[in-house]
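To keep things clear, I will list the structure first and then write my remarks on it.
Atoms within each ligand, like the ligands themselves, are counted from 1 in listed order.
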Amino acid sequence: MAGTRRIIIDTDPGQDDAVAIMLALASPEIDVVGITTVAGNVPLALTQKNARKVCELAGRPDIPVYAGADAPLERKLVTAEYVHGKTGLDGPDLPEPKMELQDGHAADFIVETLMAAEAGTITLCPLGPLTNIALALQKEPAIARRIREIVLMGGGFFEGGNTTPAAEFNIYVDPQAADIVFRSGIPITVMPLDVTHKVLTKAARVAAFRNIGNRVGVAVSEMLSFSERFDEAKYGTDGGPLHDPCVIAWLVRPELFKGRDCNVVIETQSELTLGMTVVDWWGVTKRPKNAHVVRDVDDDGFFALLTERLAALP
Ligand code: RIB
Ligand code: CA
């Protein structure tokens, strides 16, 4: 399709990752070249299985799914079962996947795909810790000039952190990997907590998913009814933030979002602020603007897009 965006989704499913993957698979503007998985919300053995469960739920067992890093570059893995449940995809009772996991490491798939494709035609969409992306850049630095752009969920600035007062989970889990990515010179668009906390899975919105009338809508409503509980209790809101689908929605309807080019540096030294994304939103430094940072979203438009697109799945 003309103007189709070819993407690799790097992910740690995770209910919100699952919705992002299904939004991508339901959107004709997007061609999912492959899905690479990373340890994050839950260990790798579960994130790679969950990614395959989600592809089968969406009727797409043809999508190649790879396993990648089972731990951050330097730090010990931190997981988030307290949000996502022990399977990482608690809520619906999804069958064990029949589709095979691809052979080979996710980082090798990323490198091989980027080196084989015409330069500037592949977008990376990281939805979890950035370990696989950093490993790919270390394996083959030449990919930095071949990636069209990176659109990722991670970080926070005026909103602060969700894992420590200073750091958002994806960046906190592997700050060294995030530092490599943000220093790479690759065009980056960031969906931080400042925007994802404005797309809340309010009861009416979850009901709209359930009322789509397909198996995906029911499963998504069950996923979100489970994963939103932690954030509803923490923030006292109707619903919780639907983080990762913001990445895909931006590719499909960028006009739903507003942001600005900023300098972003990752804290990798201080234990107090480890994993903080230091975003120079007001341009008070002369540091290079290495990322487009998104802060605002039309949340009703976002959920209307999601509900419309998920209806196209089984
Ligand atoms: O902080 C939210 C992010 O961490 C989301 O990507 C969620 O899936 C977890 O990976
Ligand atoms: Ca995620």
At their closest point, which heavy atom of P314 faces which heavy atom of A58, and how far apart are they?
-> CD-O, 3.4 Å
Neighbouring protein residues of ligand 1 - any heavy atom closer than 4.0 Å |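 Ligand 1 is contacted, at a heavy-atom distance under 4.0 Å, by D12, D16, D17, N41, L127, M153, N162, E168, F169, N170, H243, D244.
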Hey, could you give me the [atom1]/[atom2] distance between [X] and [Y], rounded to the nearest 0.5 Å?
{"X": "I30", "Y": "R6", "atom1": "CD1", "atom2": "CZ", "result": "12.5 Å"}
{"X": "D12", "Y": "N132", "atom1": "CG", "atom2": "CG", "result": "10.0 Å"}
{"X": "L224", "Y": "R205", "atom1": "CG", "atom2": "CZ", "result": "12.0 Å"}

Please report the number of protein N, O or S atoms that lie less than 3.0 Å from the Ca ion (ligand 2).
-> 5
Does F182 share a hydrophobic cluster with V294, counting links as ILVMFWY side-chain heavy atoms below 4.5 Å and allowing steps through other members?
->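 No, it is not one cluster - the side chains of F182 and V294 are not joined through contacts under 4.5 Å.
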In the hydrophobic cluster built from side-chain contacts under 4.5 Å, what are the other members alongside F230?
-> Y82, V83
Only counting residues at least two apart or in another chain, list the ones meeting ring pair (Phe, Tyr, Trp, His ring centres under 6.0 Å) with Y66.
->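 Y66 satisfies ring pair (Phe, Tyr, Trp, His ring centres under 6.0 Å) with F109 once adjacent residues are dropped.
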The residue among D174, V278, T277 that forms side chain to side chain contact (heavy atoms under 4.5 Å, CB included) with I266 is T277
Within 45° cone of F226 ring axis and under 6.0 Å: R229 NZ or CZ |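 Geometry flag: set, cation within 6.0 Å and 45°.
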